[in-house]
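Values in this document were obtained by computation on a predicted structure and should not be read as measured data.
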Amino acid sequence: MTQLRLLFIIPLVLLWCCCTPLIDLAETGETFGVTGADLTPPVLGPAGAVDSFTFSLSFNEPLGAFHLENISPGIGDPQVVFDGTEVMIESSSAQIPGTEYSLDIRATDTAGNSQQLIVRCYGYNADIAGLLINEFTCQGSSTHPDVLELKVTESGNLAGMAVLEGTDSNWDQRIILPECAVTPGDFILIHFKPQGIPEEVDETGAVDISGGLDSHPEARDFWVPEGCGLSGNNGVLTVYTNPCGALIDAVVYSNRTSTSDTTYRGFGSSSMLNKVDTVTEEGGWTGEEAILRPEDAVDPEDSTATRSICRTAVPTDTDSSADWHIVPTSTASFGEINSDEVYIP
């Protein structure tokens with residue numbers, strides 16, 4: 001009988017939680033002609049920094065070998081310890097909080113199948129700030145572009161924290177915040193449609209050095225790189241501890257209904273539905289039923305560039321549309337305490 005030799009090309013692995021592949025260099029270490037033999041390399045699951053000196057990686061099956069080819073930027077003298085499905089990469093020097101590290105790794109299972117990946121992880125931030133999405137506009141104008149306001153609820157550092165239009169696994173735009181100490185009551189403005197002018201400076205020190213449209217002299221202004229504005233009527237806004245970390249806060253907004261279409265539960269696209277289900281599963285948004293409907297979202301229909309969507313002056317956070325209202329014309333309050341006035345059409 002002629003033995004069949006099969007060449008397998010491993011497709012790009014979609015990783016979740018705290019890791020993201022940059023380049024797929026996967027290949028099988030062996031070929032097999034025996035039906036039922038293990039021909040699949042180990043798949044990387046949750047990974048990321050667990051403390052200032054350690055990255056942890058988990059795989060879906062026990063490993064026979066693991067090699068760390070490189071870490072960039074360099075960090076101390078990394079040592080690798082692996083046991084079964086778990087790998088710990090320990091360094092003698094601390095990670096820089098919020099810094100993106102590229103890990104070039106090769107993992108081999110006990111059958112000899114190997115997977116090589118370049119993985120992104122982020123330096124451990126031991127002092128995560130408490131942040132709440134407090135106000136936003138998604139119907140911006142040429143003079144008042146789309147902006148999102150965060151209110152600091154707990155002292156900490158912004159290093160590596162991520163603000164996204166979308167979720168950690170499905171986003172359209174995002175900004176990864178730099179190292180910056182903040183205190184309760186501080187306001188942070190995320191400008192989603194910058195002009196790209198020199199005056200648009202990210203404020204990690206003094207709060208009055210940034211220019212640009214709707215910058216505020218008493219709030220911290222940050223500008224989304226190549227930001228093009230938010231989706232006007234249908235979107236998800238999120239804040240994470242890092243680009244692949246834990247969800248801190250979320251807002252779902254939509255002017256659609258359950259009968260807008262039947263394919264995507266009324267949300268208009270598979271991408272939007274995926275974002276909605278993700279923040280629901282992560283505990284970031286709730287509705288009247290377990291399965292979220294467009295009616296459970298904040299309706300942005302009556303908002304404008306100066307009629308912002310915001311929480312009350314003393315914000316509540318039930319992770320639902322009940323927390324939000326639209327203020328009257330010219331009552332947007334970015335960088336200041338919100339207005340409790342409600343727009344009446």
Side-chain angles (χ1 to χ4, degrees), residues 18 20 48 97-100 120 122-123 125 127-138 140 145-154 156-182 184 186-194 200-204 207 210 212-216 219-232 235-253 272 275-276 278-279 282-285 298 300 308-311 315 317 319 323-324 332 334-335 338:
C18 302
T20 305
T99 296
E100 181 183 294
R120 279 196 301 246
Y122 294 84
N125 181 352
D127 191 23
I128 291 289
L131 300 179
L132 190 68
I133 300 174
N134 198 47
E135 183 177 11
F136 67 97
T137 50
C138 55
D146 292 338
V147 61
L148 178 150
E149 177 189 87
L150 302 171
K151 186 172 185 177
V152 179
T153 59
E154 296 179 20
N157 202 297
L158 302 179
M161 300 183 75
V163 183
L164 306 93
E165 180 185 17
T167 66
D168 59 343
S169 59
N170 181 8
W171 51 272
D172 301 298
Q173 300 175 85
R174 72 177 184 182
I175 182 171
I176 302 172
L177 298 174
E179 191 166 5
C180 178
V182 293
D186 287 353
F187 292 108
I188 300 165
L189 303 186
I190 308 297
H191 300 270
F192 270 90
K193 195 173 184 180
E200 295 170 337
V201 178
D202 289 342
E203 295 174 332
T204 57
V207 298
S210 187
L213 295 171
D214 288 336
S215 60
H216 196 283
R220 295 195 179 278
D221 294 285
F222 293 94
W223 309 83
V224 177
E226 300 181 355
C228 57
L230 297 172
S231 172
V236 173
L237 305 173
T238 55
V239 182
Y240 285 84
T241 55
N242 67 58
C244 303
L247 180 67
I248 294 177
D249 196 25
V251 176
V252 177
Y253 65 94
M272 178 63 181
K275 294 169 186 173
V276 169
T278 296
V279 296
E282 294 178 346
W285 198 256
V298 178
S308 64
I309 304 168
C310 65
R311 299 181 191 266
D317 185 21
D319 297 322
D323 300 330
W324 297 86
F334 293 106
N338 289 347

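- Checked by atom type and distance alone, the side chain of Thr204 never pairs as donor or acceptor with a backbone atom of Cys180 at under 3.5 Å.
- In terms of the side chain to side chain contact (heavy atoms under 4.5 Å, CB included) criterion, residue partners of Glu282 (sequence neighbours excluded) are, by chain and number, Asp168, Tyr240, Leu247, Thr278.
- In this structure, Asp214 CG and Thr137 OG1 are separated by 7.5 Å, a value rounded to the nearest 0.5 Å.
- Looking only at distances, a side-chain donor or acceptor of Asn125 sits under 3.5 Å from a matching main-chain atom of Asn157.
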Applying side-chain hydrogen bond (donor to acceptor under 3.5 Å, both in side chains) to Asp221 and His191, what does each step give before you reach the verdict? CA-CA 7 Å; Asp221 294 285; His191 300 270; 2.8 Å; yes
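- Checked against side chain to side chain donor-acceptor pair (under 3.5 Å), Glu135 has the following partners two or more places apart in sequence or in another chain: Ser308, Ser333.
- Checked against side chain to side chain contact (heavy atoms under 4.5 Å, CB included), Lys151 has the following partners two or more places apart in sequence or in another chain: Asn134, Phe187, Pro315.
- One distance of note links CG of Leu150 with CG of Asp249; it measures 8.5 Å at 0.5 Å rounding.
- Scored by the salt bridge (charged side-chain N to carboxylate O under 4.0 Å, His left out) test, Asp172 finds Lys275 as partners (sequence neighbours excluded).
- Side-chain atoms of Gln173 come within 3.5 Å of backbone atoms of Cys228 as a donor-acceptor pair (strictly under, hydrogens ignored).
- With sequence neighbours left out, Thr238 forms a side chain to side chain donor-acceptor pair (under 3.5 Å) with no residue at all.
- Listed by chain and number, the residues in a side chain to side chain contact (heavy atoms under 4.5 Å, CB included) with Thr153 are Leu132 (sequence neighbours excluded).
- Between Arg174 and the choices Ile190, Val224, Leu164, the side chain to side chain contact (heavy atoms under 4.5 Å, CB included) rule is met once, by Leu164.
- Applying the side chain to side chain donor-acceptor pair (under 3.5 Å) criterion to Glu203, with sequence neighbours excluded, gives no partner residue.
- Residues passing the side chain to side chain donor-acceptor pair (under 3.5 Å) test with Asp146, sequence neighbours excluded: none.
- A donor-acceptor pair is defined here as one N or O able to donate and one able to accept, closer than 3.5 Å; no such pair exists between the side chain of Asn242 and the backbone of Gly160.
- By the side chain to side chain contact (heavy atoms under 4.5 Å, CB included) test, Trp324 pairs with Ile133, Phe136, Val251, Trp285, Val298, Ile309, Arg311, sequence neighbours left out.
- No side-chain donor-acceptor contact under 3.5 Å links Tyr122 to the backbone of Ala159.
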